[in-house]
Number of protein chains: 2
Amino acid sequence: MRIHLVGEAAEHEGDLRAHLRHPAELTALPADAAHDTRHDERIAPEDVVVSLRFARPAAAAPPFRLLHVPGAGLDGIDLDALHPATAVANVYEHEIPIAEFVLARLLEWEIRAGDLQAAFAADTWPDAYRGRIPHGELFGKTLGIIGYGRIGRAIGARAAAFGVHVRAVDDRATPDGSAELLPATALDEVLATADHVVVACPLTPATTDLIGRNALRRMQRHAVLVNISRGPVVDEAALFDALRENRIGGAVLDVWYAYPRSAEDRPAPASHPFWELPNAWCTPHSCAWTRELAQRRYRAIALNIDRLVAGHPLTNLVRAGH
Amino acid sequence: MRIHLVGEAAEHEGDLRAHLRHPAELTALPADAAHDTRHDERIAPEDVVVSLRFARPAAAAPPFRLLHVPGAGLDGIDLDALHPATAVANVYEHEIPIAEFVLARLLEWEIRAGDLQAAFAADTWPDAYRGRIPHGELFGKTLGIIGYGRIGRAIGARAAAFGVHVRAVDDRATPDGSAELLPATALDEVLATADHVVVACPLTPATTDLIGRNALRRMQRHAVLVNISRGPVVDEAALFDALRENRIGGAVLDVWYAYPRSAEDRPAPASHPFWELPNAWCTPHSCAWTRELAQRRYRAIALNIDRLVAGHPLTNLVRAGH
């Protein structure tokens, strides 16, 4: 059995090898092996392919045992192109850094320790100490979480430990001990009672513009909207107006409306200049991007490949192979 | 029964009244009523005094039922000056904002979202997105907490929810579900295994310079020391050298070595310029200073006064009155 690491997956050969018990041969395939048949002769029926992207013209992929996607999203995978014998699995783990990012930003929104730090100086210390302006707390606040899947639950568990009242809106989620779980019909009521609202649902036709002018109008004047899902879940123009007119307290925006598709493609992240607003905290889709994420993901892939070799059921199976 | 609010306590008359069920008369006394006998004729034996400071020459305080300190520290209270009939109670609640501050700073130390936000711009967005540098996580890290009292436990409970391994050093603490509790003899071992160390013990002769050159030498090269206790628990010169020579990862310093005693007193916070070091994050003793703290404290005082009126046992009793 060979494990073919396609494109950027090859950078993580060490992470994979560190956790793999089965003595497999690891090979690197170029990024275009994701869509180009020229490399198919190197892929044998007993092999595993690790790739974020996979497509074949005329649905003619060679048979192999497992396509392991080293991420959660399957938007780069043409499932119909795969041979029926090929199983598909993915990995998560990004809920951990995303939840840490959300709590970090909400805590900083309340505390503003960065401002205190930036202003600290020996000669103004007596004034800074004697003239301290009290900041805010998370304790006792209400956090609305729109979409209570893997990411929402990771946020909810951490927020609950801060004494935050977590209200989650999701029609299909499993209840847990951290949140009051409510149906989608309760969205307006949750928006009206929340001090902080996190958008953590996937982007689908049903969630596009889910947070539009009406939803933003429900929010409290001091409330903060956090988007770590996908930009278009929130209506861009409606959010910009609400922020500019201070109809909500602010927004923490890590996801955007336009992404560069190549090195030459240089779109603005949005058509409205959120980054010019003092109450919009903008970051470049960094919330999940940690050193530990890839290590945990390739460890999970190694454990799954060992399960495949041992004939045990795979975790995070997207589809079984026949 | 009258409730006398001394000095700055009078600013919180509304917070107290909002929670008091007993229809008491609230009066404001000037700040010097804390130490000057001239106001004593206004204080009757059935009264309550709320004050951060209290002293009388020749230990001759008039009898009154309860001195309620609107803070945790008793360093402003001359207990020997009080009449034997006077009970003394204090309040806490500051463990909540302090724990939030510590988690906020540790998350920011790992994530650096403030830097990402400061650098965000429309024209550099494609580069920022494509060239993202992975940041760190709290998950799976080890947090050493020196002193596992009220504040340490509040930090431990929140850190545990992030998947942090919490190792607390305290000879007298009650075990909880958040931390591995170890005796003071394990200090060096905890320092050697921790990624982050929080100093959360009170300042006593035994803890002065507790974190000195030897202790700092045990810490890992990437480890971060957080001090939210009192400056002198950490040896100033030893810490400055360790930071300047990058023998530890960094320090989060909210407490200092010199405080202004009056408006004219303008000491530097320390004799070494920590604020010039990029790996020292300095703030002006702000960690507990929230809008909600005073509200919670005066609510706790109101509940205690209602208990006193109802003849129920008081909470946070420092000493009973006879």
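Each chain gets a letter, A, B and so on, in the order the sequences are listed, and its residues count up from 1. Keep in mind that the numbers below use all heavy atoms, side chains included, and drop hydrogens, waters and symmetry copies.
- Side-chain atoms of B/Phe162 and A/Leu103, non-hydrogen and from C-beta on, do get closer than 4.5 Å to each other.
- Heavy atoms of A/Ala258 lying under 4.5 Å from chain B belong exclusively to its backbone.
- Between chain B and the options A/His285, A/Glu276, A/Arg296, A/Gln117, the largest number of non-hydrogen pairs under 4.5 Å is found for A/Gln117.
- Chosen from B/Cys282, B/Ala119, B/Ala161, the residue pairing most often with chain A at heavy-atom distances under 4.5 Å is B/Cys282.
- The most heavy-atom pairs under 4.5 Å with chain B, out of A/Asp127, A/Thr124, A/Leu293, come from A/Asp127.
- The part of A/Ile96 that comes within reach of chain B is its side chain, from C-beta onward, which places non-hydrogen atoms under 4.5 angstrom from that chain.
- Within the 4.5 angstrom heavy-atom criterion, atoms from both the backbone and the side chain of A/Arg132 approach chain B.
- With a 6.0 Å radius and a threshold of 12 heavy atoms from other residues, nucleotides or ligands, A/Arg244 has its CZ atom above the threshold.
- Considering only heavy atoms from C-beta on, B/Trp125 comes within 4.5 Å of A/Pro260 through its side chain.
- Interface remark: A/Phe274 contributes no atoms to any contact with chain B (heavy atom separation under 4.5 Å).
- Ionic pairing of A/Asp123 and B/Arg266 is not present here: no N-O contact between side-chain nitrogen and carboxylate oxygen is shorter than 4.0 angstrom.
- Of the two parts of B/Asp265, only the backbone, made up of N, CA, C and O, holds a non-hydrogen atom closer than 4.5 Å to a non-hydrogen atom of chain A.
- Here B/Pro284 is the residue among B/Pro267, B/Ala268, B/Pro284 with the most heavy-atom pairs under 4.5 Å with chain A.
- Looking only at heavy-atom pairs under 4.5 Å with chain B, the residue among A/Pro269, A/Ala99, A/Ser286, A/Ala122 that has the most is A/Pro269.
- When each of B/Ala263, B/Gly140, B/Ala154, B/Ala128 is scored by its heavy-atom pairs under 4.5 Å with chain A, the top score falls to B/Ala263.
- Applying the salt bridge (Lys or Arg N to Asp or Glu O under 4.0 Å) test to A/Glu236 and every residue at least two apart in sequence or in another chain returns nothing.
- Contacts between A/Ala157 and chain B at a heavy-atom distance below 4.5 Å involve the backbone alone (N, CA, C, O).
- Interface remark: B/Arg291 contributes backbone and side-chain atoms alike to the contact with chain A (heavy atom separation under 4.5 Å).
- A donor-acceptor contact shorter than 3.5 Å is absent between the side chain of B/Glu137 and the backbone of A/Glu100.
- Within the 4.5 angstrom heavy-atom criterion, atoms from both the backbone and the side chain of A/Trp281 approach chain B.
- Residues of residues 106-116 of chain B that come closer than 4.5 Å to chain A, counting heavy atoms only, are B/Leu107, B/Glu110, B/Ile111, B/Ala113, B/Gly114, B/Leu116, ordered by residue number.
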